[in-house]
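Here you go, one structure.
Note on naming: letters A, B, ... go to the chains in the order of the sequence lines (proteins, then strands), and numbering restarts at 1 for each one. For the numbers below, each heavy atom of this structure counts, side chains included, while hydrogens, waters and symmetry mates do not.
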2 protein chains.
Amino acid sequence: MANTERAIRSRRDRPAKPALTRQGIVDAAVRVMHADGLDKVTMRRLAAELDTGAASLYVYVRDAAELRAAVLDELLAEVDLSPVAAEGDWRVRLSAVLRSYLGVLLTYPPLAHSALLTRPSGPRYLDLLEALLSVLHQAGIDDRRAAWAVDLLLQTATATGAEHVSGSDDPQDGRSSLDTLVEAATAGRYPRIIALGAELFSGTGEDRVAWAFSVLLNGILATPRTDPPT
Amino acid sequence: MANTERAIRSRRDRPAKPALTRQGIVDAAVRVMHADGLDKVTMRRLAAELDTGAASLYVYVRDAAELRAAVLDELLAEVDLSPVAAEGDWRVRLSAVLRSYLGVLLTYPPLAHSALLTRPSGPRYLDLLEALLSVLHQAGIDDRRAAWAVDLLLQTATATGAEHVSGSDDPQDGRSSLDTLVEAATAGRYPRIIALGAELFSGTGEDRVAWAFSVLLNGILATPRTDPPT
DNA sequence: ACCTGAACACCGTTCAAGT
DNA sequence: ACCTGAACACCGTTCAAGT
């Protein structure tokens, strides 16, 4: 394209190229993720989207991991924190917030994956943390216990989200491990796995996760932190 | 190198190039991982190690993810399952097996990361599963509950391992989230986070993980699975 | 200061062609 | 059947050079 034509285009045919900002980059990343999936959110692809070179992004973002963390924080705006101030059983309300968080992660499971590695630290994540701590406080759980409990709760939710990444419909992997199992079972190994059988894979994801959160809440109530040695 | 020289070398100066096998590939992967770290365990690097082309590996391994899963399963041989048959409190013994598993993951934390995505399904993983189910059975926990419990226990251990991936000593990230925090605190946001303060990051990894496993075990004991609707 | 093109040093996977 | 070289379609990050 000739220089003159280009100058005309930039003024009339399309919006003026917006100045590069950190927020603009994150917004573009969210757009690309919704359009083409998270694995297309690369420095190069984003740079193309913003009509610049990949190197330019490094002025606003330390590296690709930080960018993904920022994208997650952006998405965390969708978590429903309203149960914190609602009426009713605190367990139900805490569970509701955690399920909402998990729901957001499940929109883009690969994000959960990166959330386990790079702990998010943006404002929305802090909002979520504050919300959970607030409910635990309402429940009368002491601060020291709550501090560790919130970590465990978020870890469980995040890990559950991350596991759903490869929720592909590929029966091959299951088959091969089943073969191993059948062979070994004949040899008398793995009696417990055989006894449980399909029970190991039973239940919907929702039922399992609801049970898991119940386990956690009951466990947290039942497990004080011992006093530190003096 | 001339063809003749090459022929001589292969007979005399170095061990004969071993035939490619799946196990040989996995062994090479473990070697490379110990020598240069998991992120050097790539199809190309492995091929070079085995004196062949990357394409050749695809005869024995579906893709890179399957290879990493196989490497993890190999490492799982080091998990100490002896507490299963030992004397004493089942909680202590279950916890010991889980800690041993976590210990192996922490030798190469990036492996834990990939374990969350691609559920391992090799023989050592099945051994671990059987071991945990066996202790839960000894504890008198019913089968349906044990089936879900073992999943939650392994998920927690694996996620804990995965989180330690970026255990780098980079204070920058913590700093920036702390800044956000201080600003927002002035505005009266995040009262609970402020109240807890350093408590959120307190304790050694070992203490936290011991507490987490206690929470899980207490929670599992306190949380039956409701009967399925008829 | 900000932005860029080009380069560096890699990836996983496929495929036609050889043995 | 097994193995290979070469190609395809990408990556993240750095850096000298421009504006």
C1' spacing across the pair dA7(D) / dC10(C), given as an integer number of angstrom: 16 Å
- prompt: Heavy atoms under 4.0 Å, any strand shown: does Ser56(A) hit a base, just sugar-phosphate, or nothing?
  reply: base
message: Given dT13(D), dC2(C), dT13(C), identify the nucleotide with an atom nearest to the side chain of Ala64(B).
response: dT13(C)
- prompt: If you check the Tyr60(B) side chain, which of dG12(D), dC2(C), dC2(D) turns out closest?
  reply: dC2(D)
field: Proximal nucleotide (of dT14(D), dA7(D), dC11(D)) relative to the Arg44(B) side chain
entry: dA7(D)
query: To the nearest angstrom, how far is Met43(A) atom CE from dC3(C) atom C1'?
result: 14 Å
- request: Determine whether the side chains of Asp151(A) and Gln155(A) contain a donor N or O and an acceptor N or O closer than 3.5 Å.
  value: no
- request: Map Arg45(A) and Ala55(A) onto DNA chain D by nearest heavy atom, then report which one ends up closer to the 5' terminus.
  value: Arg45(A)
field: Distance, rounded to the nearest Å, where Asp51(B) contributes CG and dC3(D) contributes P
entry: 13 Å
- request: Pick out which of Leu111(A), Thr118(A), Leu116(A), Leu117(A) makes a side chain to side chain contact (heavy atoms under 4.5 Å, CB included) with Ser114(A).
  value: Leu111(A)
task: Using the C1' atom on both, measure dC2(D) against dC15(C) and round to a whole Å.
output: 15 Å
field: Under 3.5 Å donor-acceptor, Ser202(A) side chain and Ala198(A) backbone
entry: no
